[in-house]
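Because only heavy atoms are used, hydrogens play no part in the values below, and waters and symmetry mates are left out as well, while side chains stay in.
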Amino acid sequence: MRKLVGIAAVTAVMALTACTGSSPGGSTAPTELDIAAIAPPESFSPGNFGTGPTTQFLQPVYDSLFRNTNEGEPAENIVTKWSYDDARTKLSLTIREGVKFTDGTALDAAAVKANLDSARKGTGEAGGQLRFIQEVTVTDATNLMVTLSAPDPSLVPNLGGTAGVLASPKALGTPELDTTPVGSGPYILDAAKSQTGIKYVYTRNADYWNAKDFPFDTVEVTVFNDNNATLNALRAGETDFAVVTDKDGNSLKSAGLNIQTSPAYTTSGLYLFDRKGTLVPALAEPKVRQAINMALDRDAIHAKVFGGKGKATSQVFSSTSDAFIPDLDKKYPFDVDAAKKLLADAGYANGFTLPMPDVSPVYPDQQAAVTEALTAIGVTPQYQPVNGQTFISDLLAGKYPAAIFGLNSPRPWDFAQIALTPESLWNPFHVSDPTVVDLINKAQGETGEAQTETFRQLNTYVVDQAWFAPYIQSDNVFASNTEITVTPQRYSTLPPLWGFTASKK
């Protein structure tokens with residue numbers, strides 16, 4: 001809860017969670033930023049974490065090689081100059097001088113090499129984004145060369161995200177780094193005030209080289225596993241910012257909070273991971289997956305669950321990308337009878353049971369809509385309790401054959417790498433399809449219109465085969481109090497830390 005100068009009566013209640021400062025002229029300005037999250041970080045070890053909401057926990061403590069602009073384009077940060085060779089397989093980097101990690105270690109070219117070498121062996125989405133790095137060679141203290149096994153169209157912007165974060169070389173490879181980050185960022189994790197999996201308190205790094213872009217003395221990120229708890233915290237002033245549903249946004253706006261929307265670059269739906277039929281044989285049948293797609297009333301979900309925000313779709317590739325084909329959204333019209341016939345043709349006239357994680361505490365409306373769609377065609381969802389701290393790792397381990405979920409889908413290449421190849425992190429059953437593999441490999445060596453056409457072919461094939469059952473490319477709805485201003489970033493699920501500033505009075 002935020003405390004303002006002059007409200008002495010509530011000081012004792014609020015002291016544990018907020019502090020303030022005064023600006024010239026007697027007006028007050030917040031000195032603490034409190035952010036709500038829905039899941040804790042998988043790890044603080046580079047390469048072992050995700051690329052979406054995890055940024056809330058990483059950006060306070062870690063610098064990244066690049067800092068992407070509000071338009072999602074890479075700009076200098078720790079890297080001050082960069083260039084590719086003509087084949088786009090050798091990337092030259094020049095490193096900013098004078099930066100140090102909080103343990104006193106120099107952030108030089110050798111430290112960058114140590115991080116890239118360690119992170120590309122990681123098991124998270126961030127590590128997967130470095131999979132084409134073949135070798136990193138240090139030229140001198142401020143210069144190095146990154147050699148790729150093949151061109152990577154998204155490497156540089158991804159190095160402006162979680163794939164490019166930098167930890168102290170002394171901490172790399174230690175078990176302590178999983179829970180105790182050692183970076184060069186604007187803040188330091190205060191272990192004494194933090195509680196792993198629940199609350200993360202960051203205090204200012206007094207020696208940070210770019211402190212002007214981070215106006216808050218303290219940043220606190222709290223994990224709320226229940227939607228109602230998040231809403232109550234926003235209304236009570238116990239958190240300054242959270243992602244909410246459109247429906248909740250309307251009521252929060254009436255309560256005096258600021259509400260803004262921004263593309264989420266996330267495709268939400270029923271992700272049919274077990275396309276081999278390892279756990280649920282029915283999912284190996286394309287007609288079964290197609291039936292599930294036809295059972296979804298996407299227009300109703302768009303209107304009732306998402307308040308008409310975002311875009312109803314049957315495609316996983318972002319509608320902002322060149323891979324998106326509007327006519328593909330006509331592939332699976334809502335038709336329960338036709339869906340039942342497809343199930344019968346596939347040998348499942350009596351339906352089947354589909355185990356899934358219970359996400360109703362966080363996404364109650366989505367789960368209700370999916371339940372209604374499945375049961376209407378004879379498929380019985382079997383929801384299983386979820387451990388919030390192991391939810392992501394359980395999904396990645398193939399514990400669930402399907403899940404109501406959302407994956408980042410900024411650029412076509414990025415989505416192909418995280419979800420479509422046999423090695424992709426979000427292909428937990430390692431499904432391999434020669435057509436998909438060939439199209440991805442073809443796109444890798446192309447540019448411009450030729451690459452766009454290949455991605456459109458890939459999109460068409462994935463939709464035809466019903467690899468997934470998406471229903472919305474959503475807009476994020478952000479709720480924040482009036483003391484802060486929030487600036488989103490293109491291709492990013494959440495606003496970056498430097499996008500939070502104190503509101504002008």
I'd like to know if the side chain of [X] reaches the main chain of [Y], judged simply by a donor and an acceptor atom lying under 3.5 Å from each other, with no hydrogens or angles considered.
| X | Y | value |
| --- | --- | --- |
| Gln489 | Asn68 | yes |
| Gln451 | Glu446 | yes |
| Thr54 | Thr51 | no |
| His302 | Ile472 | no |
| Arg298 | Asn293 | yes |
| Gln260 | Val486 | yes |
| Asp358 | Tyr383 | no |
| Ser409 | Ser318 | yes |
| Thr454 | Ala443 | no |
| Ser154 | Asn158 | no |

Would you call [X] and [Y] a side-chain contact if the rule is heavy atoms closer than 4.5 Å?
| X | Y | answer |
| --- | --- | --- |
| Val463 | Phe317 | no |
| Asn225 | Pro361 | no |
| Asp299 | Phe334 | no |
| Leu279 | Phe429 | yes |
| Leu155 | Tyr84 | yes |
| Leu65 | Leu116 | yes |
| Leu494 | Phe478 | yes |
| Asn227 | Val244 | no |

If every non-hydrogen atom of [X] is compared with every non-hydrogen atom of [Y], which pair is closest and at what distance?
| X | Y | value |
| --- | --- | --- |
| Gln129 | Ala163 | OE1-CB, 3.3 Å |
| Val386 | Pro357 | CG2-CB, 3.5 Å |
| Ala37 | Val221 | CB-CG1, 3.9 Å |
| Pro157 | Arg411 | CB-NH2, 3.6 Å |
| Val156 | Trp82 | CG1-NE1, 4.1 Å |
| Pro428 | Leu395 | CB-O, 3.5 Å |

Intermediate values then yes/no, side chain to side chain contact (heavy atoms under 4.5 Å, CB included), Leu159 and Leu130:
CA-CA 9 Å; Leu159 290 176; Leu130 304 175; 3.7 Å; yes
Indicate whether any N or O donor in one side chain lies under 3.5 Å from an N or O acceptor in the other, for Ser251 and Ser254.
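Absent: no donor and acceptor within the cut-off.
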Flag if over 12 foreign heavy atoms under 6.0 Å of [atom1], [X]:
| X | atom1 | result |
| --- | --- | --- |
| Lys276 | NZ | yes |
| Asn387 | CG | yes |
| Glu449 | CD | no |
| Glu372 | CD | no |
| Arg96 | CZ | yes |
| Tyr363 | OH | no |

Are any of the side-chain nitrogens in [X] or [Y] under 4.0 Å away from the carboxylate oxygens of its partner?
| X | Y | answer |
| --- | --- | --- |
| Asp327 | Lys330 | yes |
| Arg120 | Asp117 | yes |
| Arg275 | Asp433 | no |

Let me confirm one number: the [atom1]-[atom2] distance from [X] to [Y], rounded to the nearest 0.5 Å.
| X | Y | atom1 | atom2 | value |
| --- | --- | --- | --- | --- |
| Asp464 | Asn459 | CG | CG | 9.5 Å |
| Gln367 | Ile404 | CD | CD1 | 4.5 Å |
| Asp34 | Asn481 | CG | CG | 9.0 Å |
| Gln457 | Ile325 | CD | CD1 | 9.0 Å |
| Ile35 | Thr239 | CD1 | OG1 | 7.5 Å |
| Met294 | Lys340 | CE | NZ | 13.0 Å |

Intermediate values then yes/no, side chain to side chain donor-acceptor pair (under 3.5 Å), Thr313 and Asp329:
CA-CA 6 Å; Thr313 186; Asp329 282 337; 2.7 Å; yes
Apply side chain to side chain contact (heavy atoms under 4.5 Å, CB included) to residues Asn427 and Leu420 and explain how you reach the verdict.
CA-CA 6 Å; Asn427 185 358; Leu420 302 183; over 6 Å; no
Whether [X] and [Y] hold their rings parallel, tilted or perpendicular, with breakpoints at 30° and 60°:
| X | Y | value |
| --- | --- | --- |
| Phe391 | Tyr400 | tilted |
| Phe468 | Phe415 | perpendicular |
| Trp426 | Phe405 | tilted |
| Trp413 | Phe132 | tilted |

Working for side chain to side chain contact (heavy atoms under 4.5 Å, CB included), residues Leu252 and Ile259
CA-CA 8 Å; Leu252 292 170; Ile259 304 298; 4.0 Å; yes
Working for side chain to side chain contact (heavy atoms under 4.5 Å, CB included), residues Phe49 and Phe57:
CA-CA 10 Å; Phe49 35 66; Phe57 302 93; over 6 Å; no
Check against side chain to side chain donor-acceptor pair (under 3.5 Å), Thr380 and Thr353
CA-CA 5 Å; Thr380 303; Thr353 299; 4.8 Å; no
Any chance you could lay out the side chain to side chain donor-acceptor pair (under 3.5 Å) test for Thr147 and Glu135, step after step, and finish with the verdict?
CA-CA 5 Å; Thr147 302; Glu135 183 180 18; 4.8 Å; no
ring-ring contact (aromatic ring centres under 6.0 Å, His included) assessment of Phe500 paired with Phe216
CA-CA 9 Å; Phe500 292 87; Phe216 302 97; 7.6 Å; no
Ring center gap for Tyr491 and Tyr265 short of 6.0 angstrom
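For Tyr491 and Tyr265, the ring centres are under 6.0 Å apart.
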Derivation and outcome, side chain to side chain donor-acceptor pair (under 3.5 Å), residues Asp240 and Ser480
CA-CA 5 Å; Asp240 300 320; Ser480 60; over 6 Å; no
